[in-house]
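What follows is one structure encoded as structure tokens, with my remarks underneath.
One-based numbering, in listed order, for ligands and for the atoms of each.
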Amino acid sequence: MPRPFLLDTDAGVDDALAIILALRSPEISVRAITTVAGNVEVGKCTRNVNYLVDLLQPPRRPEIAQGAAKPLKRALVTAPEVHGKDGLGGVAPQGSPSLPVAKNAVDVILERCALAEKKLTIVALGPLTNLALAWKKKPQVLRKVGKIVSMGGAFRVHGNTGPVAEFNYYVDPDAAHIVLNSGLPVTVIPLDVTEQVVLMRKEVEYRAKRRASTVARFILSGTRHYMQYHRQTEGFSGGYLHDPIAVAAAVWPSIIETKKASVDVETQGELTRGMSVAEFRRHSSQRKPTVHLATRIDREIFLRLFHERLWK
Ligand code: RIB
Ligand code: CA
């Protein structure tokens with residue numbers, strides 16, 4: 001029986017690859033996709049998710065709901081230099097991003113938790129604003145979630161948004177602080193793990209040419225800008241797969257190794273805004289370690305599953 005999933009996304013380019021992976025994984029059933037401001041403004045995220053679901057035509061169309069247009073306290077910081085102004089490397093459908101949206105993301109998150117009674121997995125691919133708002137609104141309902149997997153944080157590697165912060169936790173450090181201290185069953189997939197895997201441009205070109213499908217053409221064209229950014233900033237012609245790794249870790253938990261820790265995020269610092277800090281010291285009695293922090297991924301298995309599903 002496929003496991004119920006909800007994806008919360010700031011539908012950028014690696015989010016799009018993660019959504020394709022999730023919608024093409026028969027082990028799970030993506031019941032809903034909620035959007036949050038991050039890589040781009042939330043209206044564009046919602047448009048991008050609608051475009052991707054139309055492109056993929058999954059047998060069961062997920063409910064799509066729009067969420068927070070800005071972080072809890074901070075001004076929104078976006079990343080057009082990474083994902084393009086439209087969030088999909090310039091290939092999103094033109095025209096106004098605002099779509100009629102039935103329900104708000106926070107209500108959908110809470111409804112899906114209540115419906116699935118401890119079986120729902122939420123994969124958070126962007127800032128944690130929607131989850132923090134759901135916690136503030138009805139904590140007793142959000143506690144019905146089975147598991148939350150959050151792509152975020154950087155612990156023993158430098159940040160990708162300034163020297164010490166990872167983007168998702170930098171954009172909304174207050175939301176990350178709330179969710180990581182809530183005691184909810186959270187698994188964090190940090191840059192320490194996601195930067196262990198790179199998708200090279202040559203591989204995308206090779207595979208896309210062999211699979212002349214609309215999805216393959218989207219992957220080829222939609223990742224071009226994202227990969228050029230990595231060439232300019234990281235020195236390789238390819239791209240990190242942050243969000244697909246978070247989805248894979250939720251679908252196949254055995255491909256990652258985790259350690260329990262108490263994890264928090266800096267919300268006050270100027271230099272250290274969004275910095276994630278893990279307490280591994282056994283004798284430290286400050287706070288109970290409730291977060292499962294990923295420390296390693298089985299690259300080969302992940303890449304096999306990723307390519308098998310992406311190029312179907
Ligand atoms: O730091 C990488 C994360 O921030 C990814 O989820 C990317 O899509 C952006 O949201
Ligand atoms: Ca993301």
Where the Ca ion (ligand 2) is the centre, what is the O-to-OD2 angle for L125 and D15, rounded to 10°?
90°
Return yes when atom NZ of K312 has more than 12 non-hydrogen atoms of other residues, nucleotides or ligands closer than 6.0 Å, and no otherwise.
yes
Using the side chain to side chain contact (heavy atoms under 4.5 Å, CB included) rule, pick out the option among V291, L142, T290 that qualifies with L184.
L142
Numbered in order shown, the ligand 1 atoms found under 4.0 Å of a heavy atom of D15 are 8 (O)
Counting only N and O atoms by type, is there a donor-acceptor contact under 3.5 Å from the side chain of T258 to the main-chain atoms of A294?
no
The closest protein heavy-atom partner of atom 6 (O) of ligand 1 is D243 OD1, 2.6 Å
Below 4.0 angstrom from a heavy atom of D10, which ligand 1 atoms are there? Numbered from 1 as shown, please.
9 (C), 10 (O)
D10 OD1 and D243 OD2 subtending at the Ca ion (ligand 2) (10° steps):
140°
Please determine whether a side-chain nitrogen of the Lys or Arg among K202 and E205 lies less than 4.0 Å from a carboxylate oxygen of the Asp or Glu.
no
Identify whether the distance between the nearest side-chain nitrogen and carboxylate oxygen of K119 and E117 falls below 4.0 Å.
no
Part of T161 within contact of ligand 1 (heavy atoms, under 4.0 Å)
neither
closest protein heavy atom to atom 4 (O) of ligand 1 is N168 OD1, 3.2 Å
Between N39 and ligand 1, which part of the residue brings a heavy atom under 4.0 Å of the ligand: side chain, backbone, both or neither?
side chain
Taking the six-membered ring of F5, is NZ or CZ of R31 closer than 6.0 Å to its centre and within 45° of its axis?
no
Should the ring pair H230 and F236 be called parallel, tilted or perpendicular, given that the plane angle runs from 0 to 90° and is split at 30 and 60?
tilted
Please check if atom NE2 in H307 has more than 12 non-hydrogen atoms from other residues, nucleotides or ligands closer than 6.0 Å.
yes
Find all atoms of ligand 1 within a distance of less than 4.0 Å from any non-hydrogen atom belonging to M151, and give their numbers and elements.
2 (C), 3 (C), 5 (C), 6 (O)
Quick one: does G126 get an N or O within less than 3.5 Å of an N or O on ligand 1?
no
H225-Y229 aromatic ring centre distance below 6.0 Å
no
Would you mind running through ligand 1 and noting each atom that sits below 4.0 Å from a heavy atom of F167?
1 (O), 4 (O), 9 (C), 10 (O)
Would you check the N or O atoms of D14, main chain and side chain alike, for any that come under 3.5 Å of an N or O of ligand 1?
yes
Looking at K209, R201, R207, which one forms a side chain to side chain contact (heavy atoms under 4.5 Å, CB included) with L220?
R201
Name the closest protein heavy atom to atom 2 (C) of ligand 1, giving the residue it belongs to and the distance to 0.1 Å.
E166 OE2, 3.4 Å
With a heavy-atom distance limit of 4.0 Å, tell me whether T194 approaches ligand 1 through its side chain, its backbone, both, or neither.
neither
Distance under 4.0 Å to a non-hydrogen atom of N160: what atoms of ligand 1 satisfy this?
1 (O), 2 (C)
May I ask you to list the atoms of ligand 1 that are less than 4.0 angstrom from any heavy atom of H242?
2 (C)
